[in-house]
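Here the structure is laid out as structure tokens; the discussion comes afterwards.
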Amino acid sequence: MATDSWALAVDEQEAAVKSVSGFRLGDSTWGVIKTSTTAEKTDEEEKEDRAAQSLLNKLIRSNLVDNTNQVEVLQRDPNSPLYSVKSFEELRLKPQLLQGVYAMGFNRPSKIQENALSEILVHPPELPQNLIAQSQSGTGKTAAFVLAMLSRVEPADRYPQCLCLSPTYELALQTGKVIEQMGKFHPELKLAYAVRGNKLERGQKINEQIVIGTPGTVLDWCSKLRFIDPKRIKVFVLDEADVMIATQGHQDQSIRIQRMLPRNCQMLLFSATFEDSVWKFAQKVVPDPNIIKLKREEETLDTIKQYYVLCNNRDEKFQALCNLYGAITIAQAMIFCHTRKTASWLAAELSKEGHQVALLSGEMMVEQRAAVIERFREGKEKVLVTTNVCARGIDVEQVSVVINFDLPVDKDGNPDNETYLHRIGRTGRFGKRGLAVNMVDSKHSMNILNRIQEHFNKKIERLDTDDLDEIEKIAN
DNA sequence: AAAAAAT
């Protein structure tokens, strides 16, 4: 019996691997938003292939590179056995779901998946267990909660059963694609995107089983617009939960959504970082949670070379950035600014100098944002000038340089260490050496940089942008 | 200060 199912699994796996290069996101008939509608355009197909492949590569890698992670599990009921499954078969996933998992190139669960999925799925649906999980990006977090949702969902029931909240539009789209790919062998399963710009007619009802969205739209859809019946949601996922429940973040909306959910709804909180106060709040909001913390050596900071450039004002920062441009465009780069205004100014100035750059910030129209992030993913844009909207979660494989044109500071002007780590974490993963360059333009910002340096206890070296040899060196 | 709503 066991041998049989293994043989089948391996067969499926081989079949899946063969079909990997052939599948397209646009094949999906899911959802309110369709990634593509026609099949004729070979250009379009190629584009989608590349996007899918890049997402795939990232997920495959995150599924493999985690042998050194240390996991800490805190169980609500200390007497219950500590489950940790070593294979997807043991999770007893539905065959269609298992097929989806293998089609994505997953062989065995990552550490976070082993533990999180065991905790989430071993208990019967009547007694769902809540979970707070912390693990770095690139450890398979997304796949973990996507699998959790797909396992719990009942495809025959045509109403929303799983709800996932993302902090930004771009991240919601990215996560949505993972859901689509993993669940694509469930033909009757559908996904709805509750994001800005996705308009429904009055009185319409969402009958897709899974909803991914941003807080504002989801709240509207659940409350006054009544597109979603929140009373029948079985699984509620908060991605990047620390931003979602931080006082300055989306707390109010997330809590209001959460209050509309039924009492027995399973709640899953996932994040890479949990600051102390947020952690406490999370435990208050989520009753009796199991807790999983994945301890990872600060690999991020070991594989990312950090520099700073000393300037006197914004114009000098701009000049220094122009000097760096040639070096950073070897692969892809992200440039972070503190405000939307600075970002659009910088993008305009760089193009005036003849440098091709793309701009992405929250003031743009959603259609435009979707197009820009797509072009960046495809590599058609090498340099992306952006705000904190892209600080978290956005995974573009070829990004090897992150530039902090403005250092990350919170609303009080103090260094924002979490955001710093998230920003530079967009690069430097898995063998590829990453590079972070911080632009300092005053005594004040030098002070902030020093405090960031102290916080991570990692040397940030000075870089002279007039020294082209040095730039060549760091770029390679 | 950014993000997030059909406000």
Side-chain angles (χ1 to χ4, degrees), chain A residues 32-33 163-176 192-206 211-228 230 238-258 260 271 273 275 278 314 334-347 359-370 372-373 384-394 404-420 422-423 426 441 444-445 448:
Chain A
V32 175
I33 289 180
L163 175 62
C164 176
L165 291 187
S166 296
T168 65
Y169 174 77
E170 285 76 12
L171 195 57
L173 295 193
Q174 181 179 283
T175 307
Y193 289 85
V195 292
R196 211 154 71 184
N198 204 359
K199 307 234 151 89
L200 270 69
E201 282 175 34
R202 254 186 57 191
Q204 205 177 328
K205 282 273 181 282
I206 293 288
V211 179
I212 171 101
T214 41
T217 311
V218 170
L219 182 59
D220 268 3
W221 285 19
C222 286
S223 55
K224 63 171 191 257
L225 300 171
R226 299 194 179 279
F227 294 151
I228 298 173
L238 272 184
D239 193 11
E240 299 294 345
D242 56 342
V243 227
M244 302 300 269
I245 57 180
T247 321
Q248 288 294 321
H250 305 74
Q251 193 189 78
D252 183 57
Q253 287 168 328
S254 301
I255 298 300
R256 281 170 65 194
I257 293 164
Q258 190 227 15
M260 288 187 270
S271 184
T273 51
E275 192 227 322
V278 175
R314 196 173 75 165
M334 292 171 95
I335 304 173
F336 287 97
C337 300
H338 190 48
T339 65
R340 301 162 163 196
K341 218 177 124 193
T342 309
S344 70
W345 168 84
L346 181 60
L359 172 68
L360 182 54
S361 88
E363 68 185 349
M364 292 157 60
M365 306 285 284
V366 281
E367 297 80 8
Q368 224 177 340
R369 290 170 62 169
V372 170
I373 195 80
L384 187 68
V385 179
T386 187
T387 62
N388 275 344
V389 69
C390 287
R392 287 160 179 269
I394 298 301
N404 286 319
F405 191 78
D406 298 313
L407 298 176
V409 291
D410 62 20
K411 62 171 201 322
D412 305 317
N414 291 316
D416 186 345
N417 298 313
E418 269 78 34
T419 301
Y420 182 83
H422 275 111
R423 278 186 184 180
R426 299 307 98 218
D441 64 359
H444 176 241
S445 60
I448 287 170

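Side chains are part of it too, since the values below use all heavy atoms of this structure and drop only hydrogens, waters and symmetry mates. Keep in mind the model is a prediction, meaning the values are calculated, not measured. Convention: sequence-line order gives letters A, B, ...; per-chain numbering from 1.
Of the two residues contacting DNA chain B, namely A:D220 and A:H338, the nearest-nucleotide position lying further toward the 5' end is that of A:H338.
The side-chain heavy atoms of A:V389 and A:Y169, taken from C-beta on, include no pair separated by under 4.5 Å. Put simply, the side chain of A:V385 reaches to within 4.5 Å of the side chain of A:C337, judged on heavy atoms. A 4.5 Å side-chain heavy-atom check between A:L165 and A:Q258 finds every atom pair outside the cut-off. Side chains of A:F336 and A:T387 form no contact here, defined as non-hydrogen atoms less than 4.5 Å apart. Between A:V195 and A:V366 the shortest side-chain heavy-atom distance does not fall below 4.5 Å.
Proximity of residues 211-219 of chain A to DNA chain B (heavy atom under 4.0 angstrom from any strand atom) is restricted to A:T214, A:G216, A:T217.
The separation between A:R423 atom CZ and B:dA2 atom P is 11 Å, rounded to whole Å. Here B:dA1 presents its P atom at 14 Å from CD1 of A:I448, a figure rounded to the nearest Å. When rounded to the nearest whole Å, the span between NE2 of A:H422 and P of B:dA2 equals 19 Å. Between the CD atom of A:Q248 and the C1' atom of B:dA1 there is a distance of 9 Å, given to the nearest Å. Rounded to a whole Å, the OH atom of A:Y420 is 21 Å from the P atom of B:dA2. Rounded to an integer number of Å, the gap from A:N388 CG to B:dA1 P is 13 Å. Rounded to whole Å, the distance from CG on A:D242 to C1' on B:dA3 is 14 Å. Between the CE atom of A:M244 and the P atom of B:dA4 there is a distance of 10 Å, rounded to whole Å.
Using a 4.0 Å heavy-atom cutoff across all strands shown, A:F336 reaches no nucleic acid atom at all.
Atom CG of A:D239 is separated from atom CD of A:Q174 by 9.0 Å, given to the nearest 0.5 angstrom.
Of the side-chain N and O atoms in A:R369, one or more sit less than 4.0 angstrom from OP1 or OP2 of B:dA4. Listed pair A:T168 / B:dA4 fails the phosphate criterion, with no side-chain N or O lying under 4.0 Å from OP1 or OP2.
Among the nucleotides B:dA6, B:dA2, B:dA3, the one closest to the side chain of A:W221 is B:dA6. Of the candidates B:dA6, B:dA4, B:dA2, the closest approach to any side-chain atom of A:F227 belongs to B:dA6.
Side chain of A:N198 to main chain of A:Y193: a donor-acceptor pair is present (N/O by atom type, distance under 3.5 Å, no hydrogens or angles).
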